[in-house]
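Single-structure report; data block below.
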Amino acid sequence: MRIEEGSIEVEVPGEATDGKEGEVFYNPEMELNRDLTVATLRAYREREGDESAAPTTYLDATAASGIRGVRAAADGWTATTCDVDPEAVELAAENFERNGLEGETVHDDANVLMHQERFDVVDVDPFGTPIPFADAAVRSAQGLLCVTATDTAPLCGAHFESGVRKYGAVPRNTEYHAEMGLRVLVSALVRTAAKFDVAARPVFSHVTDHYARTYLDLEQGARAANALLDELGHVDHCQHCLYRDHERGLLADPGEECPHCGHHLQTAGPLWLGDPHDPEFVAAVREQVTDDLGTADRARDLLSTVEEELSAPTHYDQHRLYKRWNESAVGMDDFLATLRDAGHEASGTHYGGTTFKTTADVAEIEAALH
Ligand SMILES: C[S@@+](CC[C@H](N)C(=O)[O-])C[C@H]1O[C@@H](n2cnc3c(N)ncnc32)[C@H](O)[C@@H]1O
Ligand SMILES: [Zn+2]
């Protein structure tokens with residue numbers, strides 16, 4: 001089947017495929033992910049400044065049909081795609097050719113290629129967890145590392161042991177599961193980069209549908225990497241009243257009682273407690289969303305929500321709170337205005353229409369609304 005995305009046309013398998021039955025993987029629902037990648041690459045190239053210093057090389061390490069690489073090449077990047085599946089490599093080569101674009105198509109294990117070659121931008125968009133590729137990717141990427149994780153159940157604590165094993169962190173299954181997953185993922189990537197004296201700072205992240213995506217700006221140097229370790233820490237969560245607090249530091253201080261209701265607190269971590277976004281960069285990405293992108297409206301909406309989102313962990317779900325209070329929810333705009341009138345900062349979040357962040361704790365939220 002021939003499809004168009006952005007300014008290019010590629011051949012992909014007919015239906016959304018999982019790539020596991022001899023067919024090359026293609027998922028039309030990832031168009032938003034790919035459109036945001038194109039816009040992020042543009043913003044990144046522009047931020048890096050003049051022509052001689054600007055980044056030029058892009059690798060999709062797990063490329064399937066090569067659609068990301070072809071789209072990057074159409075935008076002026078020197079693109080490489082890599083896949084272990086020979087059929088995928090062949091299809092990617094055809095897709096570059098079909099668009100009259102140059103592109104290198106590598107048939108290898110991504111880890112082998114990434115240990116051998118360096119690229120300005122490395123994209124890891126695999127099945128499930130990106131962790132098997134993380135060590136090689138932070139060494140291969142010289143500027144920007146783009147990572148997708150689709151294993152949301154381990155990341156958010158729904159599959160606890162799997163999350164602990166893969167990410168070297170304790171996740172907890174809370175009502176802010178998407179943010180929990182993102183902060184576990186970024187924590188693991190920051191710690192992976194730190195092993196190689198590389199600082200990996202997230203500049204844009206989002207959790208959409210059933211995946212988390214983060215873009216990390218890489219800086220070489222032990223001192224820079226140390227500074228990011230200071231932004232790791234723990235979240236203490238009360239499953240009973242939804243109270244939560246966070247503290248920086250690699251050692252947790254667990255076992256306290258909830259100061260709001262006295263129930264036991266659960267501790268998650270180490271999590272990335274810093275901002276998962278650089279709001280200025282996110283604004284620059286939004287400006288790079290052009291009308292030819294198929295998901296332009298959705299992309300702009302998501303980016304402006306992310307730009308406004310308060311950075312501190314963790315978000316609340318308005319409906320969950322009202323359920324605890326045995327009341328029916330009020331409209332989101334009124335709800336946020338009430339919190340702000342009471343002197344608290346408050347914003348919506350991209351995690352869902354009923355989610356919000358605020359500097360108020362759970363008792364202060366309750367007081368403000370009653
Ligand atoms: C989710 S698909 C990639 C989707 C693609 N990036 C896109 O935007 O449509 C994952 C791909 O990774 C490939 N893959 C799995 N293990 C790999 C490895 N060790 N090295 C390179 N590619 C691998 C699979 O063959 C599959 O084509
Ligand atoms: Zn409590």
Side-chain angles (χ1 to χ4, degrees), residues 1 3 5-6 8 10-13 16-38 41 58-72 79-92 95 103 105-117 121-137 140 146-151 174-175 209-211 213 235-245 256-266 295 316 320-321 324-325 361-363 365-366:
M1 181 174 84
I3 59 126
E5 255 191 41
I8 58 114
V10 292
E11 186 69 29
V12 295
T17 60
D18 62 11
K20 284 177 187 148
E21 282 162 25
E23 269 202 312
V24 178
F25 175 93
Y26 168 69
N27 184 354
E29 289 182 9
M30 283 297 205
E31 184 174 1
L32 175 70
N33 182 329
R34 289 186 287 267
D35 282 353
L36 287 166
T37 303
V38 167
L41 292 182
Y58 168 85
L59 167 71
D60 183 353
T62 52
S65 69
I67 187 164
R68 273 169 206 269
V70 175
R71 294 194 59 184
T80 303
T81 62
C82 174
D83 209 292
V84 273
D85 173 4
E87 279 181 43
V89 180
E90 204 175 303
L91 185 58
N95 281 330
T105 50
V106 178
H107 178 212
D108 210 338
D109 186 307
N111 282 325
V112 173
L113 175 66
M114 291 190 290
H115 274 300
Q116 287 168 340
E117 267 191 60
V121 180
V122 170
D123 201 330
V124 179
D125 180 56
F127 297 133
T129 176
I131 288 300
F133 303 102
D135 280 42
S140 178
C146 324
V147 178
T148 311
T150 59
D151 59 330
T174 60
E175 85 272 16
D209 305 329
H210 296 292
Y211 66 90
R213 174 82 166 160
V235 166
D236 294 319
H237 180 79
C238 175
Q239 297 285 6
H240 185 70
C241 74
L242 306 182
Y243 166 91
R244 72 289 299 266
D245 197 6
E256 277 181 57
E257 284 183 354
C258 172
H260 187 49
C261 75
H263 275 71
H264 175 66
L265 285 176
Q266 279 189 336
T295 68
Y316 293 87
R320 288 291 295 267
L321 279 173
R324 300 268 144 162
W325 302 335
D361 68 20
V362 74
I365 300 171
E366 195 165 356

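Atoms within a ligand are numbered from 1 in the order they appear, just like the ligands themselves.
Distances under 2.8 Å from the Zn ion (ligand 2) pick out the protein N/O/S atoms C238 SG, C241 SG, C258 SG, C261 SG.
Using a 4.0 Å cut-off to heavy atoms of R68, the atoms of ligand 1 that qualify are 6 (N), 7 (C), 8 (O). Contact atoms of ligand 1 toward A61: 21 (C), 22 (N) (distance under 4.0 Å to a heavy atom of the residue). Taking every heavy atom of A64 and a limit of under 4.0 angstrom, the matching atoms of ligand 1 come to 3 (C), 4 (C), 27 (O). Against a heavy-atom cut-off of under 4.0 Å, R34 is close to the following atoms of ligand 1: 7 (C), 8 (O), 9 (O). Within ligand 1, counting atoms from 1 as listed, the ones closer than 4.0 Å to a heavy atom of I67 are 7 (C), 8 (O), 9 (O). Proximity to D60 (heavy-atom distance under 4.0 Å) selects the following atoms of ligand 1: 6 (N). Taking every heavy atom of A110 and a limit of under 4.0 angstrom, the matching atoms of ligand 1 come to 18 (C), 20 (N), 21 (C).
Residues that satisfy the salt bridge (charged side-chain N to carboxylate O under 4.0 Å, His left out) test with E11, not counting sequence neighbours, are R2. In this view, Q116 and V112 satisfy the side chain to side chain contact (heavy atoms under 4.5 Å, CB included) rule, not counting sequence neighbours. In this structure D151 satisfies the salt bridge (charged side-chain N to carboxylate O under 4.0 Å, His left out) test with no other residue, sequence neighbours excluded.
Residue contacts with ligand 1 for A88 are absent, since no atom lies close enough (heavy atoms, distance under 4.0 Å). Both the backbone and the side chain of V84 come within contact range of ligand 1, each with a heavy atom under 4.0 Å.
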- Message: Does L113 form a side chain to side chain contact (heavy atoms under 4.5 Å, CB included) with L59? I'd like the steps, not just the answer.
- Response: CA-CA 10 Å; L113 175 66; L59 167 71; 3.6 Å; yes

- Message: Determine whether C146 and R213 satisfy the following criterion, side chain to side chain contact (heavy atoms under 4.5 Å, CB included), listing intermediate values before the conclusion.
- Response: CA-CA 7 Å; C146 324; R213 174 82 166 160; 3.4 Å; yes

- Item | Worked verdict on L41 versus R71 for side chain to side chain contact (heavy atoms under 4.5 Å, CB included) | CA-CA 11 Å; L41 292 182; R71 294 194 59 184; over 6 Å; no

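A donor-acceptor pair under 3.5 Å is formed between the side chain of D35 and the backbone N or O of T295. Between the side chain of N95 and the backbone N or O of S65, at least one donor-acceptor pair lies under 3.5 Å. The backbone N or O of D125 sits less than 3.5 Å from a side-chain atom of T62, completing a donor-acceptor pair.
Taking the six-membered ring where the residue is Trp, H240 and H263 present parallel rings, their angle staying beneath 30° rather than reaching 60°.
Close N/O approach between S65 and ligand 1 is not found [any backbone or side-chain N/O within under 3.5 Å]. Any N or O atom pair closer than 3.5 Å counts here, and C82 shares no such pair with ligand 1. Between N111 and ligand 1, no pair of N/O atoms sits closer than 3.5 Å. For ligand 1, the polar-atom distance check finds an N/O of D125 within less than 3.5 Å of one of the ligand's N/O atoms.
With 3.5 Å as the limit, one finds a donor-acceptor pair spanning the side chains of D123 and Y58.
We find that E175 and R244 are joined by a salt bridge, their nearest charged nitrogen and carboxylate oxygen being less than 4.0 Å apart.
Under the 4.0 angstrom criterion for non-hydrogen atoms, Y26 is not in contact with ligand 1. The closest approach between any non-hydrogen atom of D108 and ligand 1 is below 4.0 Å.
Rounding to the nearest 0.5 angstrom, the gap separating the CG atom in L242 from the CD atom in E366 is 10.5 Å.
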